[in-house]
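Heavy atoms only: backbone and side chains are in, while hydrogens, waters and symmetry mates are out. The residues of the chain are indexed from 1 along the displayed sequence.
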Amino acid sequence: MEAPLYPDLPPDPSAPRGGQPTFWVGPRHLAGDDGRLYDVVADALAGLGWTSLTIVRGRHEPDEEPEDRQVLRSTVLHISPDALRWAQWGLADEPFHLGGLPIAWQISARAEASSPLAQWSAYFTCDVPGEAVVDFLVALDASNQPASALAGPELVLDAVAAHGWFRDIDQPEAAAMDPTFTSHISLGEVPPLIQDGDLRALSAEDDETRPAGWQAWAEPVLGAPLLWVASFAASVPHDLVAAFAASLSSTAPVLRRVLPEATQERLLRAPAI
């Protein structure tokens, strides 16, 4: 059973007590993103040598001072040195939603730099642990063939099973969940608008079988809003999804200052000294 290690401490680490305290927190899949999902991922991409471009759109009124300009939409795009992979932060850019949550990061790859279209895309909402998104990107950056599948789906389930997650009794070859039944990963139907270079995903009729992709989500309370969602197009290589899944399900604690309200009582935490 999960419970606070130090129940006498403030339940919200963001509560001021001589500053903003930091805690070691677990399990990772319920720890949220610390409100720093952009910074954590962008810093990792900078360390990998990716280039960042910022597009800002706004409204400028006559005689308006520059500092008063209203920014309406902005997008930050990070591109790998070989231009085969890119990551787009679009939270301020009217993102579409997954499971009722706005997309924060969209990560894509293509087989050739001359191709104008992505072979696949993966999507992450806020509160996906930044460590898991970073590990997905590190694996993507290290891949010599970012648009090619080099392993089967079993690799993903093995990754979470190694950290104590259970295979779904009804779909043991396609789904798994954590021991508290709050977080899930499943291979199945892909939500609408997920970009994929597989023509079958574009042309399949409603009564035809579409290519299956991985979906992951956390539902701390049954029937309540989801904490986070991650969606992978059917063409995302399974080894990359496995890197995300292994990091997401890791039993190693993570540093946090801000905990999600929905999971505070489910988290183990200890002050970081």
Side-chain angles (χ1 to χ4, degrees), residues 28-29 33 37-38 40-53 76-90 98 103-125 128-163 174 176 185-188 190 194-202 211-216 228-250 252:
R28 180 178 301 188
H29 58 89
D33 62 11
L37 187 57
Y38 174 78
V40 168
V41 173
D43 288 348
L45 291 174
L48 293 171
W50 291 34
T51 301
S52 64
L53 304 171
V76 183
L77 183 65
H78 299 258
I79 306 172
S80 67
D82 62 6
L84 293 181
R85 43 215 121 191
W86 59 95
Q88 178 177 321
W89 172 264
L98 283 174
I103 297 298
W105 280 105
Q106 177 179 341
I107 299 168
S108 307
R110 57 187 172 184
E112 300 177 357
S114 60
S115 172
L117 300 177
Q119 183 67 27
W120 57 257
S121 291
Y123 306 80
F124 306 89
T125 70
V128 174
E131 296 84 358
V133 181
V134 167
D135 286 342
F136 176 82
L137 282 163
V138 169
L140 172 61
D141 183 79
S143 175
N144 293 325
Q145 297 176 291
S148 300
L150 302 177
E154 191 72 14
L155 194 64
V156 178
L157 297 174
D158 287 345
V160 295
H163 293 148
I185 189 163
S186 176
L187 180 64
V190 177
I194 300 301
Q195 295 181 10
D196 198 311
D198 189 330
L199 295 180
R200 294 176 300 164
L202 300 176
W214 289 100
Q215 316 301 315
W228 55 260
V229 181
S231 182
F232 303 86
S235 296
V236 178
H238 298 298
D239 58 313
L240 299 183
V241 182
F244 170 82
S247 182
L248 178 72
S249 60
S250 172

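- Within the structure, every pair that satisfies the salt bridge (Lys or Arg N to Asp or Glu O under 4.0 Å) test and touches residues 130-146, not counting sequence neighbours, is listed here: E131-R256.
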Open item on the list: Does D33 form a side chain to side chain contact (heavy atoms under 4.5 Å, CB included) with V40? I'd like the steps, not just the answer.
Closed with: CA-CA 9 Å; D33 62 11; V40 168; over 6 Å; no
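- Here the closest heavy-atom approach between residue L48 and residue L137 is recorded as CD1-O, 4.3 Å.
- Judged by distance alone, with hydrogens and angles left aside, the side-chain atoms of W50 form no donor-acceptor pair with the main-chain N or O of A44 at under 3.5 Å.
- Using a 4.5 Å heavy-atom threshold, the side chains of I107 and V133 count as touching.
- Residues Y38 and V76 are in side-chain contact: their nearest non-hydrogen atoms beyond the backbone lie under 4.5 Å apart.
- Rounded to the nearest 0.5 Å, atoms OG (S121) and CD (Q106) are 4.5 Å apart.
- A donor-acceptor pair under 3.5 Å is formed between the side chain of S80 and the backbone N or O of R85.
- Taking all atoms of both residues into account, the shortest heavy-atom contact from L84 to A113 is CD2-N, 3.3 Å.
- Applying the side chain to side chain contact (heavy atoms under 4.5 Å, CB included) criterion to A174, with sequence neighbours excluded, gives Q171, L187.
- Minimum heavy-atom separation, V156 to A242: CG2-N, 3.8 Å.
- Scored by the side chain to side chain contact (heavy atoms under 4.5 Å, CB included) test, I79 finds L53, L77, A83, W86 as partners (sequence neighbours excluded).
- To the nearest 0.5 angstrom, L140 atom CG is 9.5 Å from L45 atom CG.
- Contact between W120 and A233 at its shortest, heavy atoms only, is CB-CB, 4.2 Å.
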Please report, to 0.1 Å, the donor-acceptor pairs under 3.5 Å made by any side chain of residues 144-154, with sequence neighbours excluded.
unit_1, atom_1, unit_2, atom_2, d
E154, OE2, R167, NH1, 3.2
E154, OE2, R167, NH2, 2.6

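- Scanning both residues, S231 and L98, for their nearest heavy atoms gives CB-CD1, 3.5 Å.
- With hydrogens and angles disregarded, a donor-acceptor distance shorter than 3.5 Å links the side chain of T125 to the backbone of V229.
- The side chain to side chain contact (heavy atoms under 4.5 Å, CB included) check on A132 picks up F244, S247, L248, with sequence neighbours excluded.
- Partner F136 forms a ring-ring contact (aromatic ring centres under 6.0 Å, His included) with one of F232, W105, W214 and no other, that one being F232.
- For R110, there are no side chain to side chain donor-acceptor pair (under 3.5 Å) partners, not counting sequence neighbours.
- A side-chain donor-acceptor contact under 3.5 Å links H163 to the backbone of A246.
- Scanning all heavy atoms of the two residues, the minimum distance from D196 to A234 falls at OD2-N, 2.8 Å.
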